[in-house]
Amino acid sequence: MATTSLAATLTFPLPADGDRSRYSFEFELLQAALNASQTGKTEADQLRWSTQNMTQGRARIEVAAGNLSVVHSYATPELDQQLTPVPFSLDKGLNSQRILLTRRSLLPKLAAIRSADDLRDLRFGVLGSWSDRRLLQGMGFKVETTESFSGLFKMLGLGRSDVIMSGLLHMQQVTPFMAEPSDLEWEPTLLITVPSQQRFYTARTAEGEALAKRLLRGLQRLQASGEFDRLHTQHFGEQISAGNGRRVIHLLDKNAAALSPPRQ
């Protein structure tokens with residue numbers, strides 16, 4: 001006979017700028033995974049936003065401390081040691097594909113780029129918590145850092161940086177910030193790929209490990225049923241096709257960078 005227990009409430013980080021739409025896919029996917037993995041309960045566990053806004057770096061700290069249930073993040077060996085990873089790629093490789101946001105005046109310069117070395121004259125605007133910061137700095141690229149997501153676009157508009165490298169996964173989140181200043185545009189010819197995989201993480205505790213196993217079970221069920229693909233396409237259908245026909249530059253490490261033919 002199945003047992004019945006009270007529904008639990010799990011918490012997920014509210015973005016630093018308070019814009020829930022930035023994490024809407026991850027939030028919806030988490031709730032669906034909880035529902036899909038539920039057994040023996042009359043009430044479904046509920047996912048809630050945290051009461052405080054926080055950066056991704058702060059969210060990882062709060063998960064480790066047990067003050068937050070789950071966070072999504074780019075997978076790194078260090079993070080896999082600090083937290084409990086859910087070994088399921090959330091982005092289907094889409095976040096490893098990046099395009100550049102820049103000022104209109106720089107478009108001719110970017111159109112001439114043919115290799116990773118050609119990018120070295122550019123100043124990349126990044127958030128301090130982004131994995132791209134470590135990658136770019138490790139390859140010797142120029143990096144301008146801020147802790148404010150909206151500040152990235154102000155910094156670009158003021159000429160303190162030259163480009164923002166945005167995952168195709170996040171194009172819709174970026175677009176609202178292009179209105180002011182108005183001379184920001186997507187560079188139309190380049191697609192930059194970086195080693196990146198997005199996962200869910202829970203605390204490195206018995207409770208956190210149990211939640212990670214449950215989330216993996218739910219995600220696998222969503223994948224088997226086709227619901228995962230449906231949600232992904234619903235949120236990112238436009239972005240999936242945005243990289244087609246571009247020149248592809250691979251950023252791997254300081255000793256490995258190559259130019260590939262255009263994607264079809």
Side-chain angles (χ1 to χ4, degrees), residues 12-17 19 21-30 33 50 54-64 68-101 116 124-139 141 143-149 152 163-174 191-204 208 211-212 215-216 219 228 231-232 235-236 239-240 242-243 248-254 256-257:
F12 186 70
L14 185 65
D17 59 5
D19 181 6
S21 67
R22 288 181 56 203
Y23 300 161
S24 61
F25 167 70
E26 292 83 2
F27 189 92
E28 187 174 347
L29 181 61
L30 266 177
S50 61
M54 60 185 73
T55 64
Q56 285 294 89
R58 171 67 183 278
R60 292 191 287 266
I61 293 172
E62 293 298 324
V63 169
L68 203 63
S69 303
V70 60
V71 65
H72 68 288
S73 183
Y74 308 127
T76 66
E78 296 79 11
L79 195 55
D80 284 352
Q81 293 298 316
Q82 297 165 6
L83 300 173
T84 300
V86 180
F88 186 98
S89 178
L90 306 180
D91 54 28
K92 299 177 66 173
L94 190 59
N95 195 60
S96 66
Q97 302 173 28
R98 312 294 172 83
I99 58 177
L100 299 177
L101 183 67
F124 287 80
V126 299
L127 284 184
S129 60
W130 281 0
S131 59
D132 286 356
R133 176 183 61 81
R134 295 186 296 273
L135 172 70
L136 292 167
Q137 288 177 330
M139 294 183 66
F141 288 100
V143 171
E144 298 293 336
T145 304
T146 179
E147 298 302 325
S148 166
F149 188 69
L152 279 173
V163 292
I164 298 172
M165 193 164 66
S166 172
L168 290 180
L169 193 68
H170 301 121
M171 284 181 64
Q172 290 181 344
Q173 299 174 10
V174 170
L191 184 73
I192 299 173
T193 69
V194 301
S196 177
Q197 185 181 103
Q198 196 172 41
R199 297 175 180 168
F200 287 128
Y201 284 88
T202 61
R204 187 165 282 280
L211 176 58
L215 290 175
L216 178 59
L219 289 166
F228 173 70
L231 282 173
H232 192 273
H235 283 265
F236 306 120
Q239 293 94 311
I240 290 171
V248 182
I249 293 178
H250 301 291
L251 297 187
L252 302 176
D253 57 45
K254 62 181 65 179

Quick one: are Arg98 and Asp132 in side-chain contact, heavy atoms under 4.5 Å? yes
Could you grab the distance from atom CD1 of Ile164 to atom CZ of Phe124, nearest 0.5 Å is fine? 11.5 Å
Starting at CD of Glu26, measure out to CD of Glu28 and round the result to the nearest 0.5 Å. 10.5 Å
Grab the two heavy atoms, one from Val126 and one from Arg133, that are nearest each other, plus how far apart they are. CG2-CB, 3.9 Å
Search all heavy atoms of Val71 against all heavy atoms of Pro13 and return the closest pair with its distance. CG2-CG, 4.0 Å
Minimum heavy-atom distance between Ser166 and Val174, given as atom pair plus value: OG-CG2, 3.7 Å
Can you tell if the side chain of Leu219 reaches within under 4.5 Å of the side chain of Phe200, non-hydrogen atoms only? yes
Sequence neighbours excluded, which residues qualify as salt bridge (Lys or Arg N to Asp or Glu O under 4.0 Å) partners of Arg204? none
With rounding to the nearest 0.5 angstrom, report the NZ to CZ distance, Lys92 to Phe236. 11.0 Å
Heavy atoms of Leu127 and Thr145 approach each other most closely as C-CG2, 4.2 Å
Side-chain donor/acceptor pairs under 3.5 Å, residues 75-83, sequence neighbours excluded:
| residue | atom | partner | partner atom | Å |
| --- | --- | --- | --- | --- |
| Thr76 | OG1 | Leu79 | N | 3.0 |
| Asp80 | OD1 | Tyr201 | OH | 2.6 |
| Asp80 | OD2 | Arg199 | NH1 | 3.3 |

Could you report the tightest heavy-atom contact between Thr202 and Ala212, atom names first, then the distance? OG1-CB, 3.5 Å
Hey, could you give me the CD/CG distance between Gln197 and Leu90, rounded to the nearest 0.5 Å? 8.0 Å
Inter-residue atom distance His235.NE2 - Leu29.CG, 0.5 Å rounding: 8.5 Å
Between atom CD of Glu147 and atom CG of Leu152, what is the distance when rounded to the nearest 0.5 Å? 9.5 Å
Checking Ser50 side chain against Leu14 main chain: does a donor-acceptor pair fall under 3.5 Å? yes
Would you check if Leu251 and Leu136 make a side-chain contact, meaning some heavy-atom pair closer than 4.5 Å? yes
Compare all side-chain heavy atoms of Arg60 with those of Ser73 and state whether any distance is below 4.5 angstrom. yes
Heavy-atom donor-acceptor pair, Thr193 side chain to Ser96 backbone, under 3.5 Å: no
Which heavy-atom pair separates Leu135 from Pro195 by the least distance, and what is that distance? CD2-CD, 4.4 Å
Side chains of Ile99 and Leu191, heavy atoms from C-beta outward: is any pair under 4.5 Å? yes
